[in-house]
Each structure stands twice: as structure tokens, then as C-alpha cells.
Trainee: 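Encoded as C-alpha cells, here's the structure I'll be asking about.
None of the values given here were measured: they were computed from a predicted structure. Ligands are counted one by one from 1 in listed order, and the atoms in each one are counted from 1 as well.
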Amino acid sequence: MTGPVTITDVETILTQPGQSRLVIVKVQTSEPGLYGLGCATFTQRVFAVEAAIERHLKPFLIGRDVDRIEEIWQMSMVHGYWRNGPVLNNAISGVDQALWDVKGKRAGMPVYQLLGGKSREAAAVYVHANGESPQEVADSAQCLVDEGYRHVRIQMGGYGGTASAMQRPQGSPAGNYFDPRAYGRAMLEMIAHVRETLGAEIELLHDVHERLSPIDAVQFAKDVETYRLFFLEDVLAPEDIEWFRTIRHQSATPLAMGELFNNPLEWRPLINERLIDFVRMHVSQMGGITPAIKVTALADTFGVRTAWHGPSDTSPVGHAANLHLDVWAPNFGIQEWYQPSEIEYEVFPGLPHVVDGYMYPTDQPGLGIDIDEGLATKFPCDEIVEQWTQTRRPDGSPARP
Ligand code: MG
């Protein structure tokens, strides 16, 4: 009897072929030519994740049996004693997704087959419309509808909007300013206009991005109810989740939450008390496919659907992982999608395509995605200090981005 296939190396690949800095993990195995890829992208702290993988996870993983995904995940999570932080969760996800990729390749099956097979042929996706005025947003959304999308997220002036009349104190520092209450008023006007322009059939979504105070979030969820959103996203910050009970009792606006969550203690009460309608964690931020399967099953029990985080700071490998979860999950709701550039398709062969608002999986074994490492090295990650996350309220005080 031959011995197990083991992990022989864990490589960290940093690349930025598009807008976001990406972290990809490549797990090499003792079987010649057999490797797996995983997403470990925490775009604001890529070098910390790289160190966590190279200095801590890699020495711990070399020689382990690639088949034992669950045991490796559990031990990786407790091995550092302190757990459920974004850097280590992303590092663990890179390995976890890569091991699912390896298992699929060994079985000759796509990962969705290992999960239990397809519940649907393709995943419905939503994409982002933006503009500086309600009419610009409506025009942007109409273009996406013309491309075949039936679900569109509508934002005006980026997260928090643009409040040109804002009065700041003298000497205010530079930063990304927004006025929460002006934002709330402007978004209501915009959402009303887009609903009126596009009609009732197109599904509209909006991301508050934690920009409102809790009581203003309650009022906003009530005010937008009449426009029948598909969901309202991150209407509260993780620090304010107890306020979901208040919103739930006063509004039937569907609620989506979770892209900042790291810890089961954050999503568990929202699911168990049926306080939200969609869980939308960043799968690598939770620790990969292994915990995502468990969250999906828990949410299904309570009538909550999935809507995994999927903008450009989820890597193409992460999008492939999302897609396998999406086509399998009985309680799949919707998938966020970011419309990658041609160069991203070149760096990541197998990056899924969307046709008429649906993302289709292939029947390739594993995650079905690869990386052209030679090309990836031509796009090194920049080392700038991020500006858009230096966010401030009108009086200059720091705010959540
Ligand atoms: Mg969001």
C-alpha cells in the first residue's frame, strides 16, 4: 500500500493585475505535478498575510496528509492559540481552498461535486452601478440591464455619497469625508428615481457600508421598504449588530450582512434569531471553504440565504471557490460579481465567465482555476498607504470606511 500524498511546499503569490492587491496560496504535493490554489486575500494587509503563511503556517504544514482537510483546518485554527483574526483566517483559507482544489483534482471532480453536487446550473450574479446623480446611476444600471444582468447594486458618489455642501472646522485634515445624514437623504432620492426609471422587474440592491448611526439605519431601512430592494447591505456595523432586532421589528426590507465578520460569534445570533436574510461573508476572511460549508448549512436551517462577498478584493481563485459553493448550496441567494479585466483573465486561466447575468462553472477537476505565475510577477503589489479607508465625518473625526 502506498503512503499518503503529502504537502511538500506552500508558496505565497502576491500580485495586482487589477485594482486590488491579491494573495494566492499554492500548495505543492508529493505527487508530481499535483498542486492546489487558494485565496488568502486581505487586500489592505497582504504582507501580513504573506508572513503568516511563510513564517507560521508553512513550517506547520509540510509533510501533512493532503486528504485531511478538516483536521488541518481545525488544527491550523487552534495552533496559534489566539484565533479568529483576519490575517490568520485568510492565511488558513489559502491553504484550505488549495486542499479542496487538490482533493477535487485527485477525485477527477469539480469541488461542487465533492460538496454534494449541483442544485442549479449557474449562479445569478449582481454587479455595481454608480454615478454622481440619480440619473447617472439609472443610466449606469440600465447599461448593465442591457448586458443581461437582472440584479444591480446602485450607489451614488461611492460609499457614503458626496456631500459638497459639507461644513468642516478650520484646519481639518485631508481624508475621505462623508456626512451620514446627508448620505441617507440623497440615497433615498436616488433609489426612488432608479426604481421609477427601471421599473419593478429589475432587482435593486444597495450597500450602506456601515455609514449610518444605528438609529438612522433603523429609519433608512423603514424608508426604503417601499422600493422593494432585493437586499440592503451592511446597514449596521458589526459593532452594532444588536440593533438588527430593532430594524427587524419595524421593516420588511431584506437585510444582508457579514463581509467584515471573522468569528462564528458574529454571524450565529443573526442567523439563529432570523434577524437577517443573507449571509455575505468574505469566504477567505472566515477561513475558507470548510467553514463556509458549515455556515451555509446553519443558515439553511433558519431560512437565511447566501450572498458571498465578491468584489475585486476577492481574488479570481476566491471567486472560483464562491462559485462552487453557489451552485451547490440549496439556500444560495445571489453572488456579487466584479467584471474582471482581460488581463485578469490572462493571469488566471479558468476565471469564470458570466453570460446574461449567470456565472457558469466548468466540469474541470478541483476549483477549475489556475495562475500564470510568470505573468503574475509582472504585476507586483503596490506599497502605497491606502487613502480611501482614511475616512472622516464632517467634523474631521475618524469614521469606519
Ligand atoms: Mg459591501
Trainee: If you have a sec, read the angle at the Mg ion (ligand 1) from Glu233 atom OE2 over to Glu259 atom OE1, to 10 degrees.
Mentor: 90°
Trainee: Hey, which N, O or S atom on Asp207 ends up closest to the Mg ion (ligand 1)?
Mentor: OD2
Trainee: If the test is side chain to side chain donor-acceptor pair (under 3.5 Å), which one of Arg280, His282, Gln285 qualifies with Glu259?
Mentor: Arg280
Trainee: What about Tyr126 and His151, are their ring centers closer than 6.0 Å?
Mentor: no
Trainee: With ring centroids as reference points, do Phe60 and His79 lie under 6.0 angstrom apart?
Mentor: yes
Trainee: Return yes when at least one N/O/S atom of Asp234 is nearer than 2.8 Å to the Mg ion (ligand 1), and no when none is.
Mentor: no
Trainee: Between Phe220 and His206, what is the ring plane arrangement, given parallel below 30°, perpendicular above 60°, and tilted in between?
Mentor: tilted
